[in-house]
Every structure is written in C-alpha cells, then in structure tokens.
Amino acid sequence: MQVCLATPPAAAAAAAKSPFTPSATLRRYWNRKINNTIPIPTFLLSKSSPLTPTSLATLISIASQNNLSSHFSTFCSSAHLFCFPDLSSSPSSDHSTDSNFQVYTDRNFSSYGNSRPGGTDSFSNYSDNGNVVANSFRRYSRDSAGHSDRFSNYAPDTNVPEQTFNTYGAAATGGSSEFKHYAHNVNVPNLKFTSYESDATGRSQSFNTYSDNGNAGDQSFASYGRNGNGVPTDFSGYGKESNVVGSTFKGYSEMGNGEKNTFNSYAFNTNNPTNSFSSYSDGGNSGINTFTGYRDQANVGGDSFDSYAKNSNSEKVNFVNYGKSFNEGTDTFKGYGTKGSNGHSIGFKIYGVNNTFKDYAQKGVSFQKYTNQTASAGAESGRTVNRWVEKGKFFRESMLKEGGVMRMPDIRDKMPERSFLPRAISSKLPISSSGLGELTRVFHASENSSMAGMMASTVSECEREPSLGETKRCVGSVEDMVDFVVQVLGSDVVVRSTEGVKGSTKDVMIGKVIGINGGRVTESVSCHQSLFPYLVYYCHSVPKVRVYEADILDVKTKEKINHGVAICHLDTSAWGAGHGAFLALGSTPGKIEVCHWIFENDMTWSTADH
C-alpha cells in the first residue's frame, strides 16, 4: 500500500521553518565541518532534499524495512527524483479506427492496432520537448493486414527518452512503418526493437534521420524481421551527427526470405559510434544488404560483425565507402559470410582502415580500393576535427584575459532535474555493484531498461580505478561531498560554480579576471553530475591547476551577463591522445595546459582566500 506524503499548504509552510528539514540539517552540518564564515552557497543548498520532516521520517522508516520499492511513485515524487513512469500499471490501447496522436507522452500502446485491416496511425510531434519520456508499443499492429504506421517528428528535443517496440508488427502482411525525424536532437535515447516485424510478409520499414544529433544513446534491434518474407528496411541518415551512439543488431533478418536492407549514411559524421551486428541474416535466403557511406566521416568508432550471413543462401552484401572515419576506427569481421553459407556475394569498395577479418570466406568476396593505411592527420584532418568538440569547450590559459573575445560553449545542464537524498536514506542505497540489484528493484528498473543501464554505467564509473594521482569518490548526499572535500583539501574551503548560463553558444567578452589563491598553482576538487535517480556527483581531486573567476560581458554592450568559473589543468601528460581538448586545440598530452568552464550545476572546490 502506498503511503500518502502530500502536505497541506499551511503545514508545508510551517515545515519549511522547521529545524528538522534536510536543508536545515545541512546548514548545521556545513557550519560544523567548514572552518570559515563563508555560508553554504545557494546553488548547493538548493540541491538538498525537499522532503518535509514528516515525509522524511516516514521514508527513513520505510527504507529501514527495505520497502521503498512498494512506495515507488510516492518516493519519486515527494523526494524530487528522476524516475521513469511505470507503464506496466497503465492501461493499454486497443483501437480499430485510424488514429492521429499529437502532444502525447508516457503512454502504453500495447496491442494497439492488432489485426487491423488497412488504415493508418500517425504519431506527429509526439512527446515533443519532454523530459524522461517513456512509451511502450508492445504487440502493436500484430497480425494486421495493410496497416501503416507513421512516426513523424517523434520525441524531438527530449531528455532521456525510453521507447520499447516489442513484437511490433509481428506476423503482419503488407502495410508500412515509417520513422521520420524520430528521436531527433535527444539526450541519452534508449530505443528497443524486440522481435520487430518477425514473421511479417511484404511490410516495408523506413528509418529516416532516426536518432540524428543524439547524445550518448543506444538502439537495440533484436530478432528484427526474423522469419520475414520480402521485408525491405531502409536506414537513411540513422544516427547522423550523434555523439557516442551504440547500436546492436542481434538476430536481425534471421531466417529471412528475400529481405532487402539498406544502410545509407548510417552513423555518418558521428563521434565514436559503436555498432554490433550479431547473427545478422543468419539462415537468410536471397537477401540484399547494402551499406553506403556507413560511418563515413565518423571520429574513431567501432563495428563488430559476428556470424553475419551465416548459413545463408545467395546473400548479397555490398559495402560502399564503409568506415572512412577521419580518425582511425576498429572493425571486426568474425565468421562473416562463412559456416554454411552458399552462393553469397560480398563486396568491399573504398573500405576504411584498421579492420580485422577472421575466418572469412574467400569465395564471392571482392575488395576494391581498400584503404590499408592510417588516414593522414594533415590539414584535412585539422579542418574536420573540430566538428567533434564544441567550439569554446576547451581553451588556452592565455585566452582568459580581460577584453578578450571567445566562444562560450553550451554550459547548460542537460541532466534531468532531481535532488540529493538525505544521507539517512542514501546510506541505505549504496552506489555499488553489490547494491545494484536493490537499486534496480527500488526504482523499478527492469532488465535491459535504460534506467538499469544508466545506473550500471554510473556504478561502473564510480568503481573505476582512479587514474594516476587522482583521488575520487561518488557522493549521493551533500554531507558525503563535504566529507570528501575536507579529507582532500582540509576544512577551510569554498565551493564555486558558474553563476548562470547566459552567453552559452555565443561569442562573449571576458571582463575582470581573478585568480583564485592568488593565481598560484593549487589543488582543487571538481564535482560533476552522474546520471542516477537521485543526485550523484563524481568528485575527484585535480592537482596542478589554476582556478579563475571571470565576469562574462556582452560583446556589443559590454554589460555583464554572467560570472564564470574556469579551471586550467597544467599537467595533461596522463590524458589520452584522443581527448577532445587535443582535437580542439591541436596538440598532444603533456605539451599544453587545457582550460574549461565549470558548467551549470557542476562545481569546483578550493582552499579559501583570506
């Protein structure tokens, strides 16, 4: 049974003045631990939990009984956490007429359009500008005949969308599905197509500018088109200009008959894309697969083709201008077109570098204009390299001088809004691999869901071995953050962050510049947000730095529009050669110092100036 933690307005006003609120408790903790008269800054205090004393006491009791999972919705809303809507309890949709969905979000479309004879459903401007968008399309258009679905401008500009297409269009005959401008410009998309169009006949699929300009997303196609008959699929502009996108095609078109799949400009102009094709077209008959401009102009990236076209009959695969990344990527072909395949034709034309062919069948394989050397890092590479690093994200220390004009990167916080948990609760939800099972249970994160993946990724980063000279800790409460900082820097410290976001993505003028600690080389602790249901910061010591405060001025009016905090790393010798700073500034590890702004809601700590 869910407890009610809602507080009447009058009671809420009284509770806000209580000495037992999380923020009041935090003030007292700050005053005990920090050995100076500098008050806790508003930007840090605002991240404390909004729980009332009564709600806090109730949740502490529930947490001590390991029963937070039973109060998921109440826990998430009252504590201001980042949680996906639980669609398992929401009603599904089952309609027999054409539908046009606009301005919808967080819906369950299970069994929608099943056994439909003809008709068209349109999802236009669906989940536009949403935060934490979750939609489920389970058994959608199953067993339908001639039924068409169109997803146009679906979930654009959203933050952390999760879409699930499970047994979508299974056993359908005819009709078409079109995904156009799907998940455009989104942050951390997680899109799953499981048993999509399996056993379908003659149903066409089109993915046009799908997940383009996305950030750090994953797409999964499992058993897509399995046992399909004449199912053409077109991926055009898929993942274009995205950052760190991963796609997994497992059992795609397995046992398919006469399927035709086209990957045109797939992962074009992306940063470090990773794509896996496992048992793709396994047992297929007379299929045609074309990869044109695949991962062209990408930065680094890696593709894995494992048992691709295995046991196939007369499969035709053509790679044209594949993997021509301007910084060397890695491609692995293992058991590709081998083990029982018959009469296949595979061609590589203008193929990239650094590729591994293992157990590769020689018959029917041709290589034309195969690039067998590393791409030159000359002027051409220099011109393309900045596409992967936002202008102004990194700069030299000499640029931080009064009167200078420079580009301010987009310093806006793109993470979902949420609060810290009070330590009394966060201590019962440890950020560790041993506690991951309990975390996924509490936050209703099903296996392979984006929430489960995000939590696992954060835990992995938190448990990573520190780099040379680094001291690090992930903290889930302000008290934990203060303890770590005091351990590293002592108790006479101050925390700073850039004041606002004005000037982002524009040229700005640098006003008055102040060097912290007299501009001397010092040590700081920087804290960056991690993606988690409650606020978690990755804090680490940063030796050999100089920290600056600078007024940010409008270039035309010279009026102050922001107050920035910047940090300059003087020793970059341990940084990777592929770090974005060196791509942007044109150097190598240890040769130059690298500076950057402290972004919105990130922070840096240093010893106090007196």
Side-chain angles (χ1 to χ4, degrees), residues 38 41 43 382 385-386 388-413 469 489 493-529 539-575 579-610:
I38 302 171
F43 77 82
V385 86
N386 280 332
W388 307 118
V389 185
E390 184 184 5
K391 189 175 181 181
K393 186 172 183 179
F394 301 104
F395 53 91
R396 301 294 301 274
E397 193 173 18
S398 60
M399 298 174 66
L400 201 62
K401 60 183 179 181
E402 189 169 355
V405 175
M406 61 188 298
R407 175 60 62 92
M408 174 75 79
D410 187 356
I411 64 171
R412 294 172 296 176
D413 178 16
L489 299 177
V493 291
V494 63
V495 59
R496 297 176 174 87
S497 184
T498 296
E499 194 172 275
V501 297
K502 287 186 177 179
S504 286
T505 71
K506 296 181 175 64
D507 287 340
V508 296
M509 179 175 285
I510 304 300
K512 184 179 179 180
V513 179
I514 299 175
I516 304 305
N517 298 152
R520 299 186 301 275
V521 177
T522 186
E523 182 179 16
S524 73
V525 170
S526 289
C527 295
H528 316 278
Q529 283 190 75
C539 295
H540 61 126
S541 64
V542 187
K544 295 184 181 178
V545 298
R546 277 193 281 263
V547 182
Y548 294 94
E549 290 184 321
D551 288 336
I552 308 297
L553 312 180
D554 183 275
V555 173
K556 293 181 180 179
T557 66
K558 309 297 188 294
E559 293 180 353
K560 179 182 173 180
I561 58 174
N562 204 345
H563 187 73
V565 176
I567 184 169
C568 293
H569 301 264
L570 307 181
D571 182 6
T572 60
S573 58
W575 294 20
H579 193 286
F582 304 128
L583 293 176
L585 302 175
S587 189
T588 55
K591 296 292 181 65
I592 61 170
E593 85 295 336
V594 172
C595 304
H596 62 85
W597 297 105
I598 300 298
F599 283 25
E600 181 186 24
N601 286 325
D602 287 345
M603 61 195 81
T604 187
W605 299 72
S606 57
T607 55
D609 287 319
H610 293 287

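Values reported hereafter were calculated over all heavy atoms of this structure, with side chains retained and with hydrogens, waters and symmetry mates removed.
Here Lys502 contributes atom NZ and Ile561 contributes atom CD1; the two are 7.5 Å apart, rounded to the nearest 0.5 Å. Taking CG from Leu400 and CZ from Arg546, the interatomic distance works out to 11.0 Å, rounded to the nearest 0.5 Å. The distance from the CG atom of Asp554 to the CD atom of Glu559 is 7.0 Å, given to the nearest 0.5 Å. To the nearest 0.5 Å, atom CD of residue Glu549 and atom OG1 of residue Thr498 are 9.5 Å apart. Taking SG of Cys595 as the start and CG of Leu570 as the end, the distance is 7.5 Å to the nearest 0.5 Å. Here Thr607 contributes atom OG1 and Glu523 contributes atom CD; the two are 9.5 Å apart, rounded to the nearest 0.5 Å.
Here the side chains of Val594 and Phe395 are not in contact, with every heavy-atom distance at 4.5 Å or above. Side-chain atoms of Leu489 and Val525, non-hydrogen and from C-beta on, do get closer than 4.5 Å to each other. The shortest side-chain heavy-atom distance between Ile592 and Leu585 falls under the 4.5 Å cut-off. In this structure, Glu499 and Phe43 have side chains that are not in contact, with every pair of non-hydrogen atoms separated by 4.5 Å or more. Counting heavy atoms from C-beta outward, Thr522 and Val545 have side chains that approach closer than 4.5 Å.
Of all non-hydrogen atoms in Val495 and Pro41, the two that sit nearest each other are CG1-CG, 3.4 Å. For Lys401 against Ile510, the heavy-atom pair with the smallest separation is O-CB, 3.4 Å. For Ala566 against Trp597, the heavy-atom pair with the smallest separation is CB-CE3, 3.7 Å. Of all non-hydrogen atoms in Val542 and Ser526, the two that sit nearest each other are CG2-OG, 3.9 Å. When all heavy atoms of Asn601 and Ser497 are compared, the closest pair comes out as N-OG, 4.1 Å. Of all heavy-atom pairs spanning Trp605 and Cys527, the tightest one is NE1-SG, 4.0 Å.
When the shell of 6.0 Å around NZ of Lys556 is examined, it contains 12 or fewer heavy atoms from other residues, nucleotides or ligands. Counting heavy-atom neighbours within 6.0 Å of Lys560 NZ, excluding the residue itself, gives a total above 12.
We find that Glu402 and Lys512 are not joined by a salt bridge, their nearest charged nitrogen and carboxylate oxygen being 4.0 Å or further apart. By the 4.0 Å N-to-carboxylate-O rule, Arg412 lies close enough to Asp410 to be salt-bridged with it.
Under the side chain to side chain contact (heavy atoms under 4.5 Å, CB included) test applied with Met408, the options Val501, Asp507, Ile552, Thr505 reduce to a single match, Ile552.
For the 3.5 Å distance criterion, the side chains of Gln529 and Asp602 fail to qualify, holding no donor opposite an acceptor.
By the 30° and 60° cut-offs, the orientation of the rings of His569 relative to His596 is parallel.
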*Working for side-chain contact (heavy atoms from CB on, under 4.5 Å), residues Phe394 and Val389*: CA-CA 8 Å; Phe394 301 104; Val389 185; 3.7 Å; yes
*Start with the C-alpha distance between Val405 and Val555, add both sets of side-chain angles, then the distance that settles side-chain contact (heavy atoms from CB on, under 4.5 Å), and finish with yes or no.*
CA-CA 7 Å; Val405 175; Val555 173; 4.3 Å; yes
*Begin from the C-alpha positions of Arg496 and Ser606 and carry the test side-chain contact (heavy atoms from CB on, under 4.5 Å) through to its verdict.*
CA-CA 8 Å; Arg496 297 176 174 87; Ser606 57; 3.0 Å; yes
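Between the side chain of Asp609 and the backbone N or O of Asn517, at least one donor-acceptor pair lies under 3.5 Å. Not one N or O on the side chain of Asp551 forms a donor-acceptor pair closer than 3.5 Å with the backbone of His563.
Separation of the Phe599 and His528 ring centroids does not fall under the 6.0 Å cut-off.
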